[in-house]
Colleague: 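I'd like to ask some things about the structure below.
So you know, we letter chains A, B, ... as the sequences are listed, proteins then strands, and number each from 1.
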Amino acid sequence: MTPRRRRPPPRPPRRRTRHRPRGSATRGAACSGASQRGIRCRARPQPTIDDGSHAGTPRTTDYRQGVVSETPPDHDAAGDAGAGSGLESERARRSARLAELRDAGVEPYPYRFDRTHTLTEVRERWGDLEAGTETDEAVAVAGRIMLRRDSGKLVFATVRDRSGEIQLFVSKAVVGDDAFADVKELDLGDWVGVHGTVMTTRKGELSVKVERVALLAKAVRPLPDKWHGLADTDTRFRQRYADLIVNAEARRTFEIRHAVIASFRRTLTERGFIEVETPVLHTEAGGALARPFVTHHNTLDLDLYLRIALELHLKRLIVGGMERVFEIGRIFRNEGISTRHNPEFTMMELYQAFGDMTDVMAITEELIVIAARDALGTTVIEIAGEPVDLAEPWPRARLVDLASEAIGDEVHPSQPVEHLRAIADRLDVRWEPQWGGGKLVEELFEATAESSLVRPTFVTGHPTEISPLARTDRTDPWLTERFELFVDRRELANGYSELNDPAEQRERFEAEQAAKDAGDATRGTVDEDYLRALEYGMPPTGGLGIGMDRVAMLLAGVDTIKEVILFPTLRPEVF
RNA sequence: GCGCCUCUAGCUCAACGGCAGAGCAGUGGACUCUUAAUCCAUUGGUUCAGGGUUCGAAUCCCUGGGGGCGCACCA
């Protein structure tokens with residue numbers, strides 16, 4: 001069992017993403033959202049509804065009576081609102097409670113609350129109090145009410161802040177009748193600020209003995225099931241806020257993601273890299289082979305592309321003498337969506353002057369190993385069910401050798417295309433006539449060898465044809481000094497010795513342009529400004545790109561990119 | 001884009017051609033040491049939408065919508 005499987009004890013294992021996509025919270029949300037705007041829930045062709053006058057519509061009438069502004073703030077109204085059930089009556093009941101508070105002169109959405117401790121700080125400081133201890137230590141804490149246990153003249157509530165949870169101990173005898181009644185009116189999901197003293201119960205549960213409770217924000221909408229949380233992946237991603245409230249696994253995943261990115265920044269800064277920010281809006285979409293998103297600037301009346309890579313601007317900075325630069329930024333590719341692909345994703349790219357491919361391979365290993373240590377406290381993770389120690393050296397193998405071995409026949413981009421096409425046909429690999437030997441060899445590699453790369457592996461020596469920005473291999477003119485890092489059959493990183501000869505770069509660009517003109521939309525164009533930059537002289541340089549989402553996936557142990565992106569791209573919800 | 005799967009109360013799930021149900025949440029009540037508190041009572045449904053088959057449809061068929069998975073594209 002690896003540490004990353006650690007879960008808070010009281011909860012059962014959260015379901016992994018793919019099982020049972022059940023329930024349809026989306027609809028519920030859609031309903032209430034719509035009714036706020038006076039639109040009838042579940043849009044059916046029913047033209048009499050959308051005129052805003054709901055009085056004659058039986059199904060919408062009853063719960064509407066409870067809505068704040070229309071409700072006389074007394075208990076009867078709250079009672080009426082609570083009659084019936086379902087989301088709308090629940091929202092009405094909670095809203096009516098808001099109105100009552102306002103009427104009583106209480107601001108249900110105060111501006112601030114000064115706390116003395118986070119909940120984990122309380123636990124750290126008083127965690128070893130013996131059972132049945134009362135202290136005079138006054139604290140002010142804040143959090144969301146997650147659970148409540150009501151036993152007559154005592155109420156126990158579990159509140160949670162970002163750091164952790166703690167129990168509130170509310171005694172009628174301590175707070176008085178009125179305040180006790182107010183506490184009983186609190187709902188699961190409400191944010192509260194609490195003044196009290198630290199104590200432990202007879203069974204030893206560390207608690208805050210409440211003296212005063214202030215409502216910090218009312219939850220008008222009920223929380224998902226307190227035990228099962230949300231199961232429907234659609235709802236989890238669309239309503240990430242709700243997912244984060246009820247799903248500890250999701251919170252943990254994004255903590256890991258944060259730790260990984262923070263770790264990268266720290267490591268690179270320590271090694272003399274400067275963090276920069278380059279344009280997202282490009283006039284040419286270069287640096288990778290991918291379809292771009294197109295957008296438009298009105299005043300300039302100019303079509304622009306969202307960047308598909310960071311590469312070309314960063315290398316301009318190497319020309320400018322910045323020597324070591326990196327950027328962690330969002331990239332956009334107008335391609336398919338899958339468990340491994342989101343249209344926008346986060347890439348880290350770095351460039352190091354005076355180095356080559358071997359330097360950036362070393363940095364790749366270092367970055368990921370240190371990130372694992374920082375995020376998980378260990379370098380041992382589980383990949384495809386097997387424990388793998390990332391700290392062990394990662395094997396390196398040439399792409400052509402891996403492909404040849406998997407095929408059982410030597411392949412190399414220098415071979416006649418007919419020969420390579422015949423092998424492709426034999427292996428049922430589909431090819432296109434404009435592909436040269438390099439592209440064919442890459443396709444053969446992907447079809448045969450790639451799926452066996454589970455443990456971290458550097459694949460090196462990609463054909464020149466598919467690597468227009470990488471420097472030619474010093475021992476083989478058909479290949480480049482390039483590597484890709486594969487882990488769990490996924491490409492995680494890509495780096496090379498950067499091509500810095502402006503004349504050769506122009507030839508490569510022209511080949512890209514020709515391929516694009518021939519109909520391959522993913523291919524590149526001639527970037528004249530970049531060529532001009534190279535003409536000023538770019539020192540020998542090693543460059544690297546790492547897909548941060550995929551590193552986060554690897555270290556968080558999740559198998560869908562949507563699990564590491566807070567708000568993944570989805571079709572718009574129908575309200 | 002193609003194939004397969006899926007959608008039932010606010011949430012988690014039953015019912016699989018014959019009266020739409022449970023747990024949680026909510027509501028009313030009991031309880032001064034609970035831990036998903038417990039106990040008693042109880043509200044809540046256009047079964048994703050539309051059409052069809054049938055005496056009868058949540059269930060079978062068709063169309064549409066959302067989502068998931070696989071393939072393709074890519075990182």
Colleague: Is atom CD of A/Glu130 surrounded by more than 12 heavy atoms (other residues, nucleotides or ligands) closer than 6.0 Å?
Modeller: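 At most 12 heavy atoms, drawn from other residues, nucleotides or ligands, come within 6.0 Å of this atom.
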Colleague: Report the nucleotide, chosen from B/G26, B/C11, B/G67, that has the shortest atom-to-atom distance to any side-chain atom of A/Leu188.
Modeller: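 Selected nucleotide (nearest to the side chain): B/G26.
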Colleague: Closest to the A/Arg550 side chain: B/A25, B/A75, B/G66?
Modeller: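 It is B/A75.
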Colleague: Using a heavy-atom cut-off of 4.0 Å across all strands, would you classify A/Asn342 as base, sugar-phosphate, or nothing?
Modeller: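 Answer is base: heavy atoms of A/Asn342 come under 4.0 Å of a base.
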Colleague: Output the rounded distance in Å from CD (A/Glu349) to C1' (B/A75).
Modeller: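 For the pair A/Glu349 CD and B/A75 C1', the rounded distance is 11 Å.
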Colleague: For A/Lys209, answer base if it contacts any base atom (sugar-phosphate contacts may also be present), sugar-phosphate if it contacts only those atoms, and nothing otherwise; contact means non-hydrogen atoms under 4.0 Å.
Modeller: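 No contact at all - A/Lys209 keeps every heavy atom at 4.0 Å or more from the nucleic acid.
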Colleague: Can you tell me if A/Asp178 has over 12 outside heavy atoms packed within less than 6.0 Å of its CG?
Modeller: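 Incorrect, the count does not exceed 12.
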Colleague: Whole angstrom is fine here: how far is it from CG in A/Asp232 over to C1' in B/C5?
Modeller: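 Checked: the CG to C1' distance equals 14 Å.
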Colleague: Counting only side-chain nitrogens and oxygens, does A/Arg93 get under 4.0 Å of the OP1 or OP2 atom of B/A25?
Modeller: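 Answer is no, no contact under 4.0 Å.
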Colleague: Between A/Arg291 and A/Glu335, is there a side-chain N and carboxylate O pair less than 4.0 Å apart?
Modeller: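 Looking at A/Arg291 and A/Glu335, the cut-off is met.
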Colleague: Side chains of A/Glu442 and A/His462: do they bring a donor and an acceptor to under 3.5 Å?
Modeller: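 Their side chains do not contain a donor-acceptor pair, so the 3.5 Å distance test is not met.
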Colleague: Would you say A/Arg149 places a side-chain N or O within less than 4.0 Å of OP1 or OP2 belonging to B/C33?
Modeller: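 A/Arg149 to B/C33 OP1/OP2: no side-chain N or O under 4.0 Å.
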Colleague: Among the candidates B/U35, B/C11, B/G70, find the nucleotide nearest to the side-chain atoms of A/Thr201.
Modeller: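 Taking heavy atoms from C-beta onward, the closest nucleotide is B/U35.
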Colleague: What heavy-atom pair brings A/Glu498 and A/Tyr351 nearest, and what distance separates the two atoms?
Modeller: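 A/Glu498 and A/Tyr351 have their closest heavy atoms at OE2-CE2, 3.2 Å.
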Colleague: Checking contacts here: which listed nucleotide (B/C13, B/C33, B/G10) is nearest the side-chain heavy atoms of A/Ser151?
Modeller: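 Output: B/C33.
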Colleague: Taking atom C1' in both B/U42 and B/A9, what distance in whole Å separates the two?
Modeller: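 It comes out at 15 Å once rounded to the nearest Å.
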Colleague: Rounding to an integer number of angstrom, what distance separates B/A72 and B/G51 when you compare their P atoms?
Modeller: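 Roughly 40 Å separates the two P atoms.
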Colleague: If the P atom of B/A41 is compared with that of B/C24, how far apart are they to the nearest Å?
Modeller: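 Going atom to atom, P in each nucleotide, I get 13 Å.
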Colleague: What nucleotide among B/U35, B/U12, B/A72 has an atom nearest to a side-chain atom of A/Arg430?
Modeller: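 From the listed options, B/A72 comes nearest.
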Colleague: Would you indicate which nucleotide in B/G66, B/C11, B/A25 comes nearest to any side-chain atom of A/Lys226?
Modeller: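 Between B/G66, B/C11, B/A25, the one nearest the side chain of A/Lys226 would be B/A25.
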Colleague: Does the B/G23 base have a donor-acceptor partner in the side chain of A/Asp225 within less than 3.5 Å?
Modeller: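 Present.
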Colleague: Please report the distance separating the P of B/U59 from the corresponding atom of B/U47, rounded so that it comes out in whole Å.
Modeller: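 Roughly 10 Å separates the two P atoms.
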Colleague: Tell me: CG of A/Asp150 to C1' of B/A25, nearest whole Å?
Modeller: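 Rounding to the nearest Å, CG of A/Asp150 and C1' of B/A25 are 15 Å apart.
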Colleague: In terms of the nearest nucleotide of RNA chain B, which residue is placed more toward the 5' end: A/Arg202 or A/Arg340?
Modeller: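 Its nearest nucleotide being more 5', the pick is A/Arg202.
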Colleague: With a non-hydrogen cut-off below 4.0 angstrom, is A/Gly336 in contact with a base, only sugar-phosphate, or nothing?
Modeller: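 Touches a base.
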Colleague: Taking only Lys NZ, Arg NE, NH1 and NH2, and the carboxylate oxygens of Asp or Glu, determine whether A/Asp187 and A/Arg148 approach each other closer than 4.0 Å.
Modeller: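 No, no charged N to carboxylate O under 4.0 Å.
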Colleague: Within the 4.5 Å heavy-atom criterion, are A/Arg307 and A/His313 side-chain neighbours or not?
Modeller: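 Sidechains of A/His313 and A/Arg307: no contact.
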Colleague: Would A/Phe156 and A/Phe169 count as a close aromatic pair, with their ring centres under 6.0 Å?
Modeller: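 Yes.
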Colleague: For A/Ala173, which contact category applies under a 4.0 Å heavy-atom criterion: base, sugar-phosphate, or nothing?
Modeller: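 It contacts base atoms.
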Colleague: Using the side-chain heavy atoms of A/Pro224, tell me which of these nucleotides is nearest: B/A75, B/G70, B/C11.
Modeller: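 Nearest to the side chain of A/Pro224 among the choices is B/C11.
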Colleague: By the 4.0 Å heavy-atom rule, please label A/Glu205 as base, sugar-phosphate, or nothing.
Modeller: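 Since a base atom lies under 4.0 Å of A/Glu205, the category is base.
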Colleague: Over how many whole Å does the gap from A/Leu168 atom CG to B/A37 atom C1' extend?
Modeller: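 Whole-Å distance recorded here is 15 Å.
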Colleague: Separation of A/Glu432 atom CD from B/A72 atom C1', in whole Å?
Modeller: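 Value for this atom pair: 11 Å.
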Colleague: Return the nearest nucleotide to the side chain of A/Phe345; candidates are B/A72, B/A75, B/G68.
Modeller: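 So the nucleotide nearest the side chain must be B/A75.
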Colleague: Find which nucleotide of RNA chain B each of A/Leu492 and A/Leu570 is nearest to by heavy atoms, and output the residue with the more 5' nucleotide.
Modeller: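 The answer here is A/Leu570.
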Colleague: Within this structure, what is the NZ-to-P distance between A/Lys218 and B/G26, rounded to whole angstrom?
Modeller: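 About 10 Å, once rounded to whole Å.
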Colleague: Please determine whether a side-chain nitrogen or oxygen atom of A/Arg148 lies at a distance below 4.0 Å from atom OP1 or OP2 of B/G26.
Modeller: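 Affirmative; the distance criterion is met.
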Colleague: How far does the C1' atom of B/G28 sit from the matching atom of B/C13, given to the nearest Å?
Modeller: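 Between the two C1' atoms, the distance is 26 Å.
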Colleague: From the options B/C11, B/C33, B/G10, select the nucleotide whose nearest atom is closest to the side chain of A/Leu87.
Modeller: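 In terms of side-chain proximity for A/Leu87, the closest of B/C11, B/C33, B/G10 is B/G10.
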Colleague: Indicate whether OP1 or OP2 belonging to B/C31 is found under 4.0 Å from a side-chain N or O atom of A/Lys184.
Modeller: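 Checking A/Lys184 against B/C31: no side-chain N or O falls below 4.0 Å of OP1 or OP2.
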Colleague: Tell me what A/Arg571 touches on the nucleic acid: a base, only sugar-phosphate, or nothing, going by heavy atoms under 4.0 Å.
Modeller: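 Sugar-phosphate only.
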Colleague: Counting the atoms with a prime plus P, OP1 and OP2 as sugar-phosphate, which does A/Arg490 contact under 4.0 Å by heavy atoms, base, sugar-phosphate, or nothing?
Modeller: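 No contact.
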Colleague: If the P atom of B/G44 is compared with that of B/G50, how far apart are they to the nearest Å?
Modeller: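 Straight-line distance between the two P atoms is 23 Å.
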Colleague: Nearest whole angstrom, please: distance from the P of B/U32 to the CD of A/Glu134.
Modeller: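 A/Glu134 atom CD is separated from B/U32 atom P by 17 Å.
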Colleague: Could you work out the separation of B/A30 and B/A20 based on their P atoms and round it to a whole Å?
Modeller: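 Between the two P atoms, the distance is 36 Å.
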Colleague: Mind checking what makes ring pair (Phe, Tyr, Trp, His ring centres under 6.0 Å) contact with A/Phe326, not counting sequence neighbours?
Modeller: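 Applying ring pair (Phe, Tyr, Trp, His ring centres under 6.0 Å) to A/Phe326 gives none.
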Colleague: Taking the side chain of A/Leu230 as heavy atoms from C-beta outward, which of B/C11, B/A25, B/G67 is closest to it?
Modeller: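 For A/Leu230, the side-chain atoms sit closest to B/C11.
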Colleague: Strictly below 4.0 Å: does A/Thr235 bring a side-chain N or O up to OP1 or OP2 of B/G10?
Modeller: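 It does not, given that no N or O in the side chain of A/Thr235 lies less than 4.0 Å from OP1 or OP2 of B/G10.
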Colleague: As a quick check of understanding, evaluate salt bridge (charged side-chain N to carboxylate O under 4.0 Å, His left out) for A/Arg430 and A/Glu432, giving each step before the final call.
Modeller: CA-CA 7 Å; A/Arg430 123 172 189 275; A/Glu432 294 183 23; 3.0 Å; yes
Colleague: Could you run through RNA chain B and flag its stems, i.e. three or more consecutive Watson-Crick or G-U pairs with both distances under 3.5 Å?
Modeller: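 Correct response: B:1-7 with B:65-71, B:10-13 with B:21-24, B:26-30 with B:38-42, B:48-52 with B:60-64.
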Colleague: Provide, to the nearest angstrom, the distance between the CD atom belonging to A/Glu442 and the P atom belonging to B/C73.
Modeller: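 The distance from CD of A/Glu442 to P of B/C73 comes to 11 Å, rounded to the nearest Å.
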Colleague: When all nucleic acid strands are considered with a 4.0 Å heavy-atom cut-off, which category describes A/Gln167: base, sugar-phosphate, or nothing?
Modeller: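 Base: the residue A/Gln167, judged by heavy atoms under 4.0 Å, touches a nucleobase.
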Colleague: What I want to check is whether the side chains of A/Glu284 and A/Thr525 have a donor and an acceptor closer together than 3.5 Å.
Modeller: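 Yes, side-chain donor-acceptor contact under 3.5 Å.
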Colleague: Looking only at atom C1', what distance separates B/A14 and B/A22, rounded to whole Å?
Modeller: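 Per the computed distance, 7 Å lies between those C1' atoms.
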Colleague: Determine, answering yes or no, if A/Phe156 is stacked on B/A37 under the 5.5 Å centre rule and the 30° plane rule.
Modeller: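 So no, this residue does not stack on that base, at least one cut-off failing.
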